[in-house]
Amino acid sequence: MQNQARIKTILTAKPIDQDVTLNGWLKSRRESKGLTFLDITDGSCLNGIQVIAESTLRNYTSEISKLTTGCSVAIEGRLVSSPAKGQDVEVHAKKISVLGWADPETYPLQKKRHSFEFLRSIAHIRGRTNSLGAVARIRSRLSWALHHFFAKRGFFQIHTPVITTSDCEGAGDMFTVTSLDLGQIPFDKNKVDFSKDFFGRPASLTVSGQLEAEAYALALGNVYTFGPTFRAENSHTSRHLAEFWMIEPEMAFCDLEGDMDLAEEMLKYVVKDCVDNCPDDIDLFNRFIDKNLAAKLSSVLENDFARISYTEAVDKLTQSGQKFDYPVKWGIDLQSEHERYLAEELYQRPVIVTDYPKTIKPFYMRLNNDGKTVAAMDILFPGIGEIVGGSQREERYDILQERMKKANIPLENYEWYLDLRRYGTVPHAGFGLGFERLVQFVTGMSNIRDVIAFPRTPGVA
RNA sequence: UCCUCGGUAGCUCAGUCGGUAGAGCAGGUGGCUGUUAACCACCCUGUCGGCGGUUCGAAUCCGUCCCGGGGAGCCA
């Protein structure tokens, strides 16, 4: 058995009047006098292929007429032009083998639309639906395009650790990693004695690979990470996961301007790649999920991203005359409603907001000359909100140390990070891209739990 | 964690003023047709999320807990 005859290949090459073999799952079966129509998909593309089974086939009454949605089959036949409307070509079967039955009384998928909530409850099966299959193909293509983008620019991928002992990001609560027997936790003066734990100290799942990426940017120049990231935040929203994938480029000899340029180029490159290479899947989302999807995607491709400073953004928001639940004031973090107004109403395209007050951003962001703001940038997408967060990093040893002290960072755990400034420090910058949010944007899917195969959220793993 | 809306057949949902549960799809049987999430007829399907309360009587009203959607916070 070989898995080479994929439906996508057959539909592309269309070897009319030649023999083909294909394997797949039955989407729907229609019976007519003396023959049965089978719609077969194999996941290689959105479209299936129609197979004609005539009653002369050996197992016609014993098996073929009993096939139902979800059964798996292997088919040998001849590809012919279809005499009926609805498809160019179809397969006249010479042999149909049933590989696996799917009891229609219990098989959860039907020949109808299901709610995404229901499909979430059958995550192991939902990839067989049109929409979730298309999500998976687009996600794969976006991942490939990101790697391709960085490779073309001479970036090196760094595999940063998933288990970490640094907690400095302030990026939400972390999951503890331990090999201690939780029934018999060793205590030392009412505190857990982590010296008896596997790593001899508290360890957790990473919330970001940025600090480690910085180390290798200061060795290889341009690097990026692309891996799973974990937040133990009790978030119940359509934009948050406890386990998600993040892309974090980091560039030596680069300032905030270069950082923004790279982010904008990257987003345009991967969206264009997907639009060019997944037209059928994107069309599905444009028809059934978000009627404005095509327009939103081309607006990203055709326009420069708006770039404004935080201070300008605050001015625009206060002058807008809009009523906000949270009044805008210099010094506060922008709320979702503010970000939405900027991206969806004022500019109606992606917006990059820069130079936030230092008080609302982490210690590693580079202090600007005004002493009040840092060289940070957030990219806001219409409908998604923040998709990228980045900054130029503080490369000056004294200033960095000062900011770490003020943020109550235990310096002894970060001597290695300070070493990067002690020895051959250089200006450098980078950002983080939430991969699922990118997939959400390209597909128009409204819930982040539907753009990752097996979503992990509070109470669900 | 907070606000809000929901939980009724395998799925999607309706259910009036509190009077004892219904439609489409799926499934089963039969029919018909180069069919297109086929069509026609008949049949089957329920702990009305759990527990407690009010009432002669609760899917319906009240309390509480669980679960899900949407929004907020936090962030990517």
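Below, chain A is the first sequence line, B the second, and so on; all start at residue 1.
- Residues from residues 236-244 of chain A that place a heavy atom under 4.0 Å from any atom of RNA chain B, listed by number: A:His236, A:Thr237, A:Ser238, A:Arg239, A:His240, A:Leu241, A:Phe244.
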Contact list (N/O, under 3.5 angstrom) for nucleotides 7-11 of chain B vs protein:
unit_1 : atom_1 : unit_2   : atom_2 : d
B:G10  : N2     : A:Gln110 : OE1    : 3.1
B:G10  : N2     : A:Gln110 : NE2    : 2.9
B:G10  : N3     : A:Gln110 : NE2    : 3.3
B:C11  : O2'    : A:Lys112 : NZ     : 3.0
B:C11  : O2'    : A:His114 : ND1    : 3.4
B:C11  : O2     : A:Lys112 : NZ     : 2.7

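- Applying the ring pair (Phe, Tyr, Trp, His ring centres under 6.0 Å) test to residues at least two apart or on different chains, none of the pairs has a partner in residues 49-69 of chain A.
- Scanning residues 136-148 of chain A for heavy-atom distances under 4.0 Å to RNA chain B yields an empty list.
- Here A:Phe324 pairs with A:His338, A:Tyr341 under the ring-ring contact (aromatic ring centres under 6.0 Å, His included) rule; sequence neighbours left out.
- The ring-ring contact (aromatic ring centres under 6.0 Å, His included) search around A:Tyr216 returns none, not counting sequence neighbours.
- Salt bridge A:Asp19/A:Lys94: present, at least one basic N to carboxylate O contact under 4.0 Å.
- In terms of polar N and O atoms assigned as donor or acceptor, the side chain of A:Glu90 comes within less than 3.5 Å of the base of B:G34 in a complementary pairing.
- For residues 94-120 of chain A, the ring pair (Phe, Tyr, Trp, His ring centres under 6.0 Å) pairs, not counting sequence neighbours, are A:His114-A:Phe118.
- Remark: A:Gln50, A:Ile52 in residues 50-65 of chain A come within less than 4.0 Å of RNA chain B through at least one heavy atom.
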Could you pull out all donor-acceptor pairs under 3.5 Å where a side-chain atom in residues 284-293 of chain A meets a protein atom, sequence neighbours excluded?
unit_1   : atom_1 : unit_2   : atom_2 : d
A:Asn286 : OD1    : A:Leu293 : N      : 3.3
A:Asn286 : OD1    : A:Ala294 : N      : 3.0
A:Arg287 : NE     : A:Asp283 : OD2    : 3.1
A:Asp290 : OD1    : A:Asn292 : N      : 2.9
A:Asp290 : OD2    : A:Lys296 : NZ     : 2.9
A:Lys291 : NZ     : A:Arg287 : O      : 2.5

| task | Quick one: the dot-bracket string of RNA chain B, using Watson-Crick and G-U wobble pairs with both distances under 3.5 Å, [ ] for crossing pairs and | for bases paired to another strand. | result | (((((((..((((.....[..)))).(((((.......))))).....(((((..]....))))))))))))....
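- Heavy-atom distances under 4.0 Å link RNA chain B to no residue of residues 344-361 of chain A.
- Look at the C1' atom in both B:G52 and B:U12: the space between them is 32 Å, to the nearest Å.
- A:Lys33 has a side-chain polar atom (N or O) that falls below the 4.0 Å cut-off from OP1 or OP2 of B:U33.
- Salt-bridge check for A:Lys361 with A:Asp378: passed, with a basic side-chain N closer than 4.0 Å to an acidic carboxylate O.
- Between the P atoms of B:A38 and B:U45, the separation comes to 26 Å (whole Å).
- A donor-acceptor contact under 3.5 Å is not formed by the side chain of A:Glu117 with the base of B:U12.
- Using atom C1' as the reference point in both B:U47 and B:G28, the two lie 25 Å apart (nearest Å).
- Residue A:Arg29 places no side-chain N or O under 4.0 Å from the OP1 or OP2 atom of B:A38.
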Restricting both atoms to N or O, compile the protein contacts to nucleotides 40-51 of chain B shorter than 3.5 Å, with distance only.
none

